[in-house]
Amino acid sequence: MNLFAELRVAVVQSLANLAERGLLPSGLDTSGVSVEPPRDPAHGDMMTNAAMVLSKAAGLSPKAIAEALAEELAKDPRIAAVDVAGPGFINMRLTAAVWQDIVKVILTTGLDYGRSTLGNGAKVNIEFVSANPTGPMHVGHVRGAVVGDALARLLAFSGWKVTREYYINDGGAQVDVLARSAFERYREANGLEPEIREGLYPGDYLIPVGEALKAKYGDSLLDKGEQYWMKDVREFATEMMMVEIRGDLAQLGVQMDVFSSEKALYGTGKIEAALQALRDQGLIYEGVLEPPKGKTLDDWEPRQQTLFRSTAHGDDVDRPVMKSDGSWTYFAPDIAYHYDKVQRGFDQLIDIFGADHGGYVKRMKAAVSALSNGRVPLDIKLVQLVKLFKGGEPFKMSKRAGTFVTLRDVVEQAGADVTRFMMLTRKNDVSLDFDFDKVLEQSKDNPVFYVQYAHARVNSVLRKAAEAGMSFSDADLADADLSQLEHEAELKLARQLGEWPRLIEIAAKSNEPHRIAFYLYELASDFHSLWNRGNDDSSLRFIQEGNVATSAAKIAMARSTGVVIATGLGILGVKPVHEMR
RNA sequence: GCACCCAUAGCUCAGCUGGAUAGAGCGUUGCCCUCCGAAGGCAAAGGUCGCACGUUCGAAUCGUGCUGGGUGCACCA
């Protein structure tokens with residue numbers, strides 16, 4: 001149920017009617033016709049560009065088309081007034097009944113209001129977080145985790161079949177470093193002095209790993225060389241880190257569907273198979289790359305390597321998949337991993353990377369394009385930095401990790417709900433300031449609070465009404481005589497509620513969950529505004545003493561706002577509060 | 001040197017994939033509680049949408065070229 005889509009149908013139908021009567025050429029391409037809210041509400045409730053879009057193809061002036069179309073549209077019972085403005089805009093004002101009906105629809109559909117089949121059941125895989133399993137998650141990961149999870153919820157709500165996936169980078173040199181670092185903590189657990197050399201991970205979080213190693217191996221590894229214990233310790237430590245990371249994710253309320261391991265790709269022939277698929281297309285060759293221009297590398301030497309011709313799929317230079325010593329580069333298993341995702345039958349892939357991986361986008365898209373023959377689109381969202389502040393001062397804390405602020409540090413201070421909401425108050429490709437003091441402030445400067453406050457107020461109305469002997473279920477409210485909601489301030493709120501399905505569609509199509517946070521802020525603002533109008537004009541209060549019928553209509557309005565806020569917060573993964581304290 | 005991202009009110013940012021006179025919040029100024037939660041609301045002031053061309057009925061939005069900031073650029077992951 002999307003009012004704008006419905007009205008667009010009416011417009012297209014009217015155009016067809018005109019064509020039938022010979023007033024327009026038949027067979028016009030109406031795909032460019034849109035129905036949107038005008039930027040200036042004084043222009044009406046809805047606007048269509050049909051006349052201007054079709055003017056050229058129809059060989060008629062926009063004005064002429066607009067006037068004929070306006071006349072046709074005026075016949076629609078939902079449309080109260082139509083006028084033609086400017087170069088050929090057609091503005092429509094809808095009847096109050098249309099907006100009142102929105103309230104009823106919300107109360108009958110509840111938290112499903114705005115849910116759609118837009119995705120048509122397409123299978124989408126969203127890979128996000130994918131933090132190296134070498135320590136707890138830090139702030140940098142939080143935003144990616146929240147954006148990925150909210151996007152997953154958004155797409156699921158919009159009719160996609162969503163898989164949330166975490167790619168464990170457990171195949172590279174960094175897990176060897178982890179193993180060595182953990183081994184020092186193991187020595188420490190055995191009463192020896194740990195030697196945390198330069199390049200090892202110094203964080204305290206490895207102390208429990210050392211103790212666990214001691215519990216498992218006693219002192220039996222102490223006198224052994226690295227080649228003896230490396231494999232076991234690496235696996236052991238990685239496993240413990242993943243437990244830690246899963247715990248971190250749980251703190252944030254993020255649940256993955258699939259964890260894929262990089263290491264598990266080695267020795268299975270999967271990497272070779274993926275590269276063979278590329279080779280079959282003539283995209284793999286032996287060659288020597290040019291040194292990068294403008295940047296002087298003292299240790300540059302030409303090397304014969306196995307290269308992927310990513311330039312054939314839009315990349316700037318070809319990329320090595322094998323080092324000169326014959327081992328794989330990081331890119332190779334990543335190709336295999338994405339090949340695996342393609343083979344698992346996903347219709348669409350989304351990767352969420354940190355902004356520092358920007359240089360990786362083109363080659364990854366090139367690989368997926370080649371491996372799926374252009375069938376599977378890969379959208380890569382780069383998530384920018386989060387800058388932490390406390391009371392306006394840059395914030396750098398290192399309680400557990402030694403060198404970085406952890407996810408837990410953030411969640412423990414700010415709470416998961418606040419953290420999640422704040423992370424979505426910017427679009428992903430812009431950096432974001434996160435001030436611990438501000439996000440906990442209870443004022444309208446703080447968007448989380450502001451939205452939650454609106455929801456709490458709705459509940460407050462319901463509570464007060466019940467105290468006054470008027471207890472309504474949503475079904476009661478849906479049956480209320482909503483034609484009493486006539487005031488401009490009430491209709492304004494209803495219009496905003498009517499935009500929710502459209503907003504969801506736009507957000508889902510563009511993979512931009514932050515739009516929901518902004519919408520909720522606006523909705524809350526309209527609600528607070530209406531609330532305060534009740535101070536000046538008592539006829540706008542939600543509870544009308546002694547008048548059950550009117551109260552029911554007004555409370556229906558409030559309640560439907562609460563429902564949409566709850567739905568929106570749900571997509572952001574934030575729990576709506578019922579009471580502010 | 002190349003690629004990607006960013007540039008909108010004094011500050012922090014939206015802007016519905018090309019629509020009309022570009023919007024919020026903060027800050028500034030002035031108002032509104034006997035009254036559902038003032039933890040709110042109303043109003044005013046504030047703009048060459050970084051610059052210049054181009055595309056078309058129409059550009060903050062698309063293209064090209066600049067300027068400024070960020071990120072990344074062979075055997076790291």
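The model shown is predicted, which means the values in this text are computed figures rather than measured ones. Chain letters run A, B, ... following the sequence lines, proteins first, then strands; residues in each count from 1. Values below: all heavy atoms of this structure, side chains included; hydrogens, waters and symmetry mates excluded.
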Hey, do the aromatic rings of A:Y167 and A:Y337 have their centres closer than 6.0 Å?
yes
Verify the ring-centre separation between A:F389 and A:F434: is it less than 6.0 angstrom?
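No: the rings miss the under 6.0 Å criterion.
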Looking only at the side chain of [X] (C-beta and beyond, no hydrogens), which of the listed nucleotides [options] gets closest?
| X | options | answer |
| --- | --- | --- |
| A:L289 | B:A77, B:A74, B:G41 | B:A74 |
| A:R426 | B:A77, B:C4, B:A14 | B:A14 |
| A:Y330 | B:A77, B:C16, B:C36 | B:A77 |
| A:R515 | B:G15, B:A74, B:A14 | B:G15 |
| A:F542 | B:G40, B:C13, B:C36 | B:C36 |
| A:Y453 | B:A38, B:C4, B:A77 | B:A38 |
| A:L382 | B:C4, B:G19, B:A77 | B:C4 |
| A:P37 | B:A74, B:G19, B:C16 | B:C16 |
| A:Q305 | B:C36, B:G40, B:A74 | B:A74 |
| A:K56 | B:C57, B:C36, B:G25 | B:C57 |

Taking only side-chain nitrogens and oxygens of [X], does any of them come within less than 4.0 Å of OP1 or OP2 of [N]?
| X | N | value |
| --- | --- | --- |
| A:S529 | B:C42 | yes |
| A:K427 | B:G15 | yes |
| A:Y521 | B:G23 | no |
| A:R533 | B:G40 | no |
| A:H528 | B:A24 | no |
| A:K554 | B:C36 | no |
| A:W531 | B:A38 | yes |
| A:R457 | B:A38 | yes |
| A:K362 | B:C4 | yes |

Base, sugar-phosphate or nothing for [X]? Non-hydrogen atoms, less than 4.0 Å.
| X | result |
| --- | --- |
| A:E262 | sugar-phosphate |
| A:S510 | base |
| A:S431 | sugar-phosphate |
| A:H514 | sugar-phosphate |
| A:A85 | base |
| A:E579 | base |
| A:D429 | sugar-phosphate |
| A:N91 | base |
| A:S324 | base |
| A:M47 | base |
| A:F449 | base |
| A:P62 | nothing |
| A:D433 | nothing |

Pick the [atom1] atom in [N] and in [M], then give their distance to the nearest Å.
| N | M | atom1 | value |
| --- | --- | --- | --- |
| B:C73 | B:U29 | P | 49 Å |
| B:U56 | B:U61 | C1' | 14 Å |
| B:C62 | B:G19 | P | 11 Å |
| B:G15 | B:A9 | C1' | 14 Å |
| B:G68 | B:C2 | P | 14 Å |
| B:A74 | B:G58 | C1' | 48 Å |
| B:A52 | B:G10 | C1' | 27 Å |
| B:C57 | B:C11 | P | 38 Å |

State the pairing partner of [N]; accept Watson-Crick or G-U wobble contacts with both distances under 3.5 Å, and report none otherwise.
| N | value |
| --- | --- |
| B:U17 | none |
| B:A7 | B:U67 |
| B:U28 | B:A44 |
| B:C62 | B:G54 |
| B:U34 | none |
| B:C75 | none |

Stepwise, does the side chain to side chain donor-acceptor pair (under 3.5 Å) test hold for A:T134 with A:Q174?
CA-CA 7 Å; A:T134 53; A:Q174 77 280 7; over 6 Å; no
Is [X] salt-bridged to [Y], cutoff N-O under 4.0 Å?
| X | Y | value |
| --- | --- | --- |
| A:D45 | A:R495 | yes |
| A:E467 | A:R463 | no |
| A:K438 | A:E441 | no |
| A:R234 | A:D176 | yes |

Using whole Å, report how far [atom1] of [X] lies from [atom2] of [N].
| X | N | atom1 | atom2 | answer |
| --- | --- | --- | --- | --- |
| A:L424 | B:U12 | CG | P | 21 Å |
| A:D40 | B:G15 | CG | C1' | 15 Å |
| A:H43 | B:A22 | NE2 | C1' | 13 Å |

In terms of the nearest nucleotide of RNA chain B, which residue is placed more toward the 5' end: A:E512 or A:V53?
A:E512
Could you say whether A:T425 or A:N532 is positioned toward the 5' end of RNA chain B, judged by the nucleotide with the nearest heavy atom to each?
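Upstream on the strand: A:T425.
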How should the glycosidic conformation of B:U29 be described, syn or anti, under the criterion that syn lies within 90° of 0?
anti
With syn defined as a glycosidic torsion within 90 degrees of 0 and anti otherwise, which applies to B:C33?
syn
Think A:R363 forms a cation-pi with A:F308, using NZ or CZ under 6.0 Å from the six-ring centre and within 45 degrees of its axis?
no
Identify whether NZ of Lys or CZ of Arg in A:R502 sits under 6.0 Å from the centre of the six-membered ring of A:F4 and within 45° of that ring's axis.
yes
Result block: side-chain N/O donor-acceptor pairs under 3.5 angstrom for residues 54-68 of chain A, not counting sequence neighbours:
residue: A:S55; atom: OG; partner: A:L60; partner atom: O; Å: 3.0
residue: A:S61; atom: OG; partner: A:A64; partner atom: N; Å: 3.1
residue: A:K63; atom: NZ; partner: A:G86; partner atom: O; Å: 3.4

